[in-house]
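All values derive from a computational prediction rather than experimental measurement.
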Amino acid sequence: MDDEAMFVRTQSLQQTSQRAMTVRVHTPIGSVVVLWGGAPQEADGQHLVEWTVDDVHWGQNTRPASSVEAELRQEGDRVIMRGLLHLTEDGAGHLQLGPWSVLFDLATPIPSGLDESWVAINVRSESVTLHLYQT
């Protein structure tokens, strides 16, 4: 199995017509509410998924972590992810949450000296999207 894919259970949440579809996702390391990037009829169930996170700003919503344990949790309308940071040469990054990876778009550069260090990302739920894993 690809290390970027995670097997999860999802529950669709009541939607308003003006918002994107959201789901509560239950993972081996926590439960959070995020946007659903799949077909609405597939929102409830067990899936192999990939995650994306937008609007990652170093020093604002992303900082060095005080603990070296993978974590995924909800605080109000915020999703907190703690994991091992990996940066690529082209400026992209991913967060290692145990054996899984979460891809993210860097809105501001992360200092290169922080590659392979533990960080915490704290973003609004609307910045995190769950996608069905495509083989």
Drop me the distance from [X]'s [atom1] to [Y]'s [atom2], to the nearest 0.5 angstrom.
X    : Y    : atom1 : atom2 : value
T52  : L130 : OG1   : CG    : 8.5 Å
L85  : L114 : CG    : CG    : 7.0 Å
T88  : H86  : OG1   : NE2   : 11.5 Å
T108 : N61  : OG1   : CG    : 7.5 Å
W36  : R24  : CH2   : CZ    : 15.0 Å
R82  : R63  : CZ    : CZ    : 15.0 Å

Write down the atom of [X], the atom of [Y], and the distance for their closest heavy-atom approach.
X    : Y    : value
T10  : H47  : OG1-CD2, 3.2 Å
L132 : E42  : CD1-OE1, 3.0 Å
M21  : P40  : SD-CA, 3.7 Å
F104 : L95  : CE2-N, 3.5 Å
H94  : L103 : CB-CD2, 4.0 Å
V79  : V33  : CG2-O, 3.7 Å

State, without any angle test, whether D77 and S125 hold a side-chain donor-acceptor pair at a distance under 3.5 Å.
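No, no side-chain donor-acceptor contact under 3.5 Å.
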Does S31 form a side-chain contact (heavy atoms from CB on, under 4.5 Å) with Q74? I'd like the steps, not just the answer.
CA-CA 7 Å; S31 177; Q74 188 87 36; over 6 Å; no
Listed partners of H26 passing ring-ring contact (aromatic ring centres under 6.0 Å, His included), at least two apart
none
Kindly determine whether D55 and V123 satisfy side-chain contact (heavy atoms from CB on, under 4.5 Å), including the steps that lead there.
CA-CA 8 Å; D55 300 323; V123 293; 5.6 Å; no
Close side-chain approach of [X] and [Y], heavy atoms under 4.5 Å:
X    : Y   : answer
P109 : W58 : no
W118 : V68 : yes
V128 : L35 : no
D44  : Q11 : yes
V102 : M81 : yes

Mind checking what makes side chain to side chain contact (heavy atoms under 4.5 Å, CB included) contact with T27, not counting sequence neighbours?
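Partners of T27 by the side chain to side chain contact (heavy atoms under 4.5 Å, CB included) criterion, ordered by chain and then number, come out as M6, V8, V25, I29, W51, L72.
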If hydrophobic clusters are built by linking Ile, Leu, Val, Met, Phe, Trp and Tyr wherever their side-chain heavy atoms come under 4.5 Å apart, do L97 and L84 end up in the same one?
no
Answer yes if F7 and Y133 sit in the same cluster of Ile, Leu, Val, Met, Phe, Trp and Tyr residues linked by side chain heavy atoms under 4.5 Å apart, and no otherwise.
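Yes, F7 connects to Y133 through the hydrophobic network.
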Atom CD of residue position Q41 - does it have more than 12 heavy atoms of other residues, nucleotides or ligands inside 6.0 Å?
yes
Could you walk me through whether V34 and T129 pass side-chain contact (heavy atoms from CB on, under 4.5 Å), step by step?
CA-CA 6 Å; V34 298; T129 306; over 6 Å; no
Results of salt bridge (charged side-chain N to carboxylate O under 4.0 Å, His left out) for R124 - residues two or more places apart only
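For R124, the residues satisfying salt bridge (charged side-chain N to carboxylate O under 4.0 Å, His left out) (neighbours in sequence not counted) are E126.
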